[in-house]
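Chain identifiers are assigned alphabetically (A, B, ...) following the order of the sequence lines, protein sequences preceding nucleic acid strands; residue numbering begins at 1 within each chain.
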Amino acid sequence: MDAELNSPQADAVAHIRGPLLVFAGAGSGKTRVITFRIANLVARERVPPYRILAVTFTNKAAGEMRHRLEGILGAEIARDLWVGTFHATCAKLLRRYGDAVGLEKNIIIYDGADQKAVVTRVLRELDLDEKRFAPRAMLAAIHKEKQEGRGPDEMSLDDYSAEMVKKVYARYEEHLRAANAVDFEDLILRVVKLLEDDTRIEGETIRRRFEFVLVDEFQDTNAVQYRMLRALARDHHNLCVVGDDDQSIYRWRGADVRNIRGFKKDFPETLVVKLEQNYRSTGHIVKAALGVIAPSKEREPKELWTANEDGLPVEMIATKDERDEAAHVVAVIDETRKKGIDPRQIAVFYRIHAQSRVLEEALRAVNMPYQIVGGTKFYERAEIKDALSYLRLAVNPKSDVDLLRVVNVPARGIGATTLDRLTTLATLENMSVWQSLGHLDKAGDIAAAARKRLVAFADMMRDIQAAARTAPATEVLAMILDKSGYRTALEAENTAESDARLENLAELAGSIGDYEAEASAAGEPATLEGFLERVSLQADTDAGDQGGKITLMTVHGAKGLEFDTVLLTGMEEEMFPYRGFDPGGEEEMEEERRLAYVAITRARRRLVMTHTETRQIFGTTRWGRPSRFFGDLPAATMKQGATRAASAGARVAYVDRSSGGGGYGSAYGSRGGGGGGREPWRHPQAPAARTEAFDAPPRPARPAVDPGERFVDREFFADDGGSDDVGSAGGLRRGAKVVHSRFGEGEVRRVEAAAEPMVVAFFPGWGEKKILARFLKIAS
DNA sequence: TGCCACGCCCTTTTT
DNA sequence: GGGCGTGGCA
């Protein structure tokens, strides 16, 4: 804590009123400026905590900030502060003042998938070719308009396709309004509307409420978000924004660095502070980061420096494929943990979520606890989305997206044709699909049998809706699963997969329970609406930081965080910088560069970057050259290496001192079969003859594996004639006694390392069952 | 009319 | 690797 109190920057601005613009280089104590300022306002300036609003972009960052504030101010006071993401803050405000902008209480927040479903429906209604107008692209275009604060009528219509976007946009909005639903942009837009509407009292109420507003990662605000901030601070100008244009990584989400310039114009009396000293990282890491960001164009001039010692060189490790990479990651983590580093101080980054699976497998195979941040995985599972749709319908029957999702899940004989006719009726009569269920007489084309089924569904939902008004959310969920026949259908399936789905639904019930407990601890009423809002606004399922776990996340998710040791994986061209199907212009490349800068600057002491020769992703194999960003790292800060598998496979010119030298020679291309030998990556700043300066390939703690192989305890499974895909999972071994929640005690027969390790176990009275390993406990 | 299986296509980052 | 759409079959 002393370090924070003594921080000169934090001290200098902590008590200042009026607009404050802080350019904070990575690791210069950006968040510290905010937390210290808040602490100072509360402790010294006697500002009531509930009059302070601190806004972040991610839940993770908000959680981190709140955590720090709890440490400084104590949990009691910190609880009254408003700390949250833009969206969560707006949702909270709308819950209180939403009636003023015509929002009902049972509002539902549509996530990306829901939004896309609406767009798809609109495209069909307008009879537009889905091939020519991809729902995804349409949605992106709509969001772009919304992020700039333009409604369909305010769009500039340059060409035919803009015309189409406008049409779709308009109907999209109608659908959301009719469904009593909002998307993420709406949350902000509605609050802006509240704040800017001087004919009503609510805007003033909110403006008065927040005497001080602080914003983290200001470079990531989009036009509408900035408008909201401006409106919030209209009367008092106590707006403190902290940001770093080098870390602007949300341009694709509408973030506009120009807001920084706008800020100086809108608040001419702004005090500008530049923080250029990095307190976080070693010299080598800071220099590496500078190397990556230096070629970036249009930067606000600033020079990051550090007084810290150089420390360990940044490691660049060549690996053979994604499994080999994962093995190396595991080895480094293992080594780091053995040195006594808290696992919470270790993080593995990747560019895209799809990379996490292999890493997870490798970590699970050695029973190393980890936590995944982001990756909406859990809430994206079909059964969870189904259950949530039922819950949302229970609260808000007008939500068409949800109704259409579950009306025939489980199968009730309500097919596409029937639903087509039903939605057509709804569209014609200008009502929600739910309402149209009450007017089936107007749809003569719906067969009597189908009609009966629809009525039965409506009756069932009415019962559930009635229950939702009084019963606790956990009971509503149980009722839904029973009445809808969802549970029965899954039980009848009786496969490993259906069992897993049932377990997931149990987990959902558990998370409702958690929410109820948390809400009551915070002195707030636990409602089904509250739970649904939380689910919508919280991409990650993290149940708080339990100790002892390392962290896996995308680079985006890592922003604003720091770790002792960072493993940055997938550093190949195409992966990082990432290139999707679009050509990707220079602007996008610039953003990738800033993203790399963000990744590097998360590390305090040790940074390991890995790249692969080949990578299986999205079902195909990619060959990747090492990322161009390696070439921007100063040679003096780097240490190159390779896993055994990589150096053996490529026959690269590494000098392996540890094995007597010259072991691999430089016989390029001697690898048999496909791919061909690849030249080793050579640092552009290094003279060609300097290969001997390369470090010996580090020996992985466990032998590198060949593709198709896993981390298998060969001896133990040597006599296993079963699956060829056998691994140990979470300490589960053949013969081990395990306990399952439903089947009781059993004995492990086989372990299968699928995407998720599965165990075939024999349960007396049930027979052999295939179960996801994580649902088993070792019997004591 | 509805169900199921197969095959094709797309494949980012967050709220 | 998975979601979605199409086409064949009950």
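In this structure, A:W252 counts as stacked on the base of B:dT13 under the 5.5 Å centre distance and 30° plane angle limits.
Taking atom CZ of residue A:F57 and atom C1' of nucleotide B:dT14, one finds them 10 Å apart after rounding to whole Å. With rounding to whole Å, A:M575 atom CE is found 14 Å from B:dT11 atom P. Between the CZ atom of A:F86 and the P atom of B:dT15 there is a distance of 13 Å, rounded to whole Å. With rounding to whole Å, A:R405 atom CZ is found 10 Å from C:dG3 atom P. Between A:E591 atom CD and B:dT13 atom C1' there is a gap of 8 Å when expressed in whole angstrom units. Atom pair A:Q225:CD and B:dT14:C1' shows a separation of 11 Å (rounding to whole Å applied). If you take CE of A:M553 and P of B:dT15, they are 12 Å apart, rounded to a whole angstrom. Nucleotide B:dT12 holds its C1' atom 14 Å from the CE atom of A:M589, rounded to whole Å.
Residue A:I617 is the one, among A:I617 and A:R253, whose nearest nucleotide of DNA chain B lies closer to the 5' end (criterion: closest heavy atom).
Legend: residues meeting salt bridge (Lys or Arg N to Asp or Glu O under 4.0 Å) with A:R190, ordered by chain and number and at least two apart, are absent. For the salt bridge (Lys or Arg N to Asp or Glu O under 4.0 Å) test, residues two or more places apart in sequence or in another chain that qualify with A:E217 are A:K30, A:K559. Checked against side chain to side chain contact (heavy atoms under 4.5 Å, CB included), A:R593 has the following partners two or more places apart in sequence or in another chain: A:V292, A:P295, A:S296, A:F629, A:D632. Checked against side chain to side chain contact (heavy atoms under 4.5 Å, CB included), A:A354 has the following partners two or more places apart in sequence or in another chain: A:I352, A:I617, A:F618. In this structure, the side chain to side chain contact (heavy atoms under 4.5 Å, CB included) partners of A:T418, at least two apart in sequence or on a different chain, are A:I414, A:I446, A:A450, A:L454. Remark: A:A117 engages A:V401 in a side chain to side chain contact (heavy atoms under 4.5 Å, CB included) (not counting sequence neighbours).
Look at A:S536 and you won't find any side-chain N or O under 4.0 angstrom from OP1 or OP2 of B:dT15. Between A:R136 and B:dT12, a side-chain N or O to OP1/OP2 separation shorter than 4.0 Å is present. For A:H143 and B:dT14, the shortest distance from a side-chain N or O to OP1 or OP2 is not below 4.0 Å.
For A:Y578, whose side chain is taken as the heavy atoms from C-beta onward, the closest listed nucleotide among B:dT14, B:dT15, B:dT11 is B:dT11.
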- Report, as a single string ordered 5' to 3', how protein heavy atoms within less than 4.0 Å touch nucleotides 1-6 of chain B: B base, S sugar-phosphate only, - not at all. SSS---

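Annotation: salt bridge (charged side-chain N to carboxylate O under 4.0 Å, His left out) contacts involving residues 446-456 of chain A, sequence neighbours excluded, are absent.
If you check the side chains of A:T221 and A:N259, you find a donor sitting under 3.5 Å from an acceptor. Judged purely by distance below 3.5 Å, without hydrogens or angles, the side chains of A:D183 and A:Y172 pair a donor atom with an acceptor atom.
A:Y250 comes within contact range of the sugar-phosphate backbone alone, with a heavy-atom separation under 4.0 Å but no base atom that close.
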Expected rows: protein N/O vs nucleotides 5-9 of chain C N/O, under 3.5 Å:
unit_1: C:dG5; atom_1: OP1; unit_2: A:R124; atom_2: NH2; d: 3.3

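A 4.5 Å side-chain heavy-atom check between A:K385 and A:D111 finds at least one atom pair inside the cut-off.
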